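Some notes on the structure that comes next.
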2 protein chains.
Amino acid sequence: MNAPIVNPALTKNQTLVFDVLEKSEGPMSAYTILDKLRDHGFRAPLQVYRALDKLTEFGMVHRLESLNAFVACAHREHECCGGAHGHGHGTVAFAICESCNQVLEFHDHKVDHNLGDWAKSKGFKPSKTTIEIRGLCEKCAA
Amino acid sequence: MNAPIVNPALTKNQTLVFDVLEKSEGPMSAYTILDKLRDHGFRAPLQVYRALDKLTEFGMVHRLESLNAFVACAHREHECCGGAHGHGHGTVAFAICESCNQVLEFHDHKVDHNLGDWAKSKGFKPSKTTIEIRGLCEKCAA
DNA sequence: TGCCACACGTTATAGCATAACGCAATTGAT
DNA sequence: ATCAATTGCGTTATGCTATAACGTGTGGCA
């Protein structure tokens, strides 16, 4: 459960990428981000991927594996997944609406605990856990 | 929780793809499968992807989202995720060793229940849930 | 000063997935 | 029987996602 970096100083590219993600309604692919940043001088995918790597390392951005896309962390004040206290919230989970693309980010300590128990019982040492629920959000299911 | 198809009749391509996956030690990408099947007349990715789509629909193959790869379902007798009784085991979870690429497939009813409770509390209607733990298996962690 | 670490920019390439077309075989209703 | 609908198949082309490998510039620091 590596504690993320707290309030790191962002570079120009990292700031640009993060701002685009934060202003977005939903998850974005790296190439969509690239297109949004062409006016700011971005020309190549690596410029985006390198920024995303760092932002993910900082805990400010999450990668949605089932979408090959990225979202800004939904938790304010960088308290996400650790943060100032360094104790961590454990694994982040996502509910992804397949109709409106809204993403709900949440923590569930019981799930963490249960998966942790399973791992312990098998001698498995987790480094990163992905939990993604695809489906319909309340509004779209109605 | 859609009940999977039980003992479907597989086409030639589906059988070939499934056999390759089942004999494999670990997960395989679609293109790796394609290469294994060139001698059997496979020429194009779509031949593999179409078979994989069906096998996944049948519950005989799982996609690992964090690897962009596929594994044969580890449960014998097609009792996986439902099967003959049609009651379903709920979500399948995977522990993926980043050192030896071994994949452990498992079910955890408590996790299912916890995520189900969360979804219900938010009015979210899940269609497919992905749980993947990356880390080190017992042997590689030693 | 020389070294190191890091961010950056660029070109090229690798790896993953699907669109769109047409053909053949199967099924099932009329 | 025959027509229509469905499904699987093969092929070509294309699009999307991600990284390798190279070089440049900058700031910190012994």
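Quantities reported herein were computed from a predicted structural model and do not represent experimental measurements. Naming convention: chains lettered A, B, ... in sequence-line order (proteins, then strands); numbering from 1 in each chain. Computation of the quantities below employed the complete heavy-atom set of this structure, encompassing side-chain atoms and omitting hydrogens, waters and symmetry-equivalent molecules.
- The salt bridge (charged side-chain N to carboxylate O under 4.0 Å, His left out) pairs that include a residue from residues 115-130 of chain B are B:E65-B:K128, where partners are two or more places apart or lie in different chains.
- In terms of hydrophobic clustering, with Ile, Leu, Val, Met, Phe, Trp and Tyr side chains grouped at heavy-atom distances under 4.5 Å, A:F58 and A:L21 are assigned to a common cluster.
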- Note on the structure: Whether each nucleotide of nucleotides 5-20 of chain D has a protein heavy atom under 4.0 Å at its base (B), only at its sugar-phosphate (S) or at neither (-) is summarised, 5' to 3', as ---SBBBB----BBBB
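- In the 5' to 3' direction, nucleotides of DNA chain C lying under 4.0 Å from heavy atoms of chain B begin and end at C:dC16 to C:dA20.
- Residues A:W118 and B:I96 do not share a hydrophobic cluster, defined by chaining ILVMFWY side chains whose heavy atoms lie under 4.5 Å apart.
- Every residue two or more places apart in sequence or in another chain that forms a side chain to side chain contact (heavy atoms under 4.5 Å, CB included) with A:A93 is listed here: A:F106, A:I131.
- The stretch residues 31-45 of chain B participates, sequence neighbours left out, in these salt bridge (charged side-chain N to carboxylate O under 4.0 Å, His left out) pairs: B:D35-B:R38.
- B:I133 and B:L64 sit in two unconnected hydrophobic clusters of ILVMFWY residues. Membership requires side-chain heavy atoms under 4.5 Å apart, directly or through other members.
- Under the rule for a salt bridge (charged side-chain N to carboxylate O under 4.0 Å, His left out), B:R50 has no partner lying at least two apart in sequence or in another chain.
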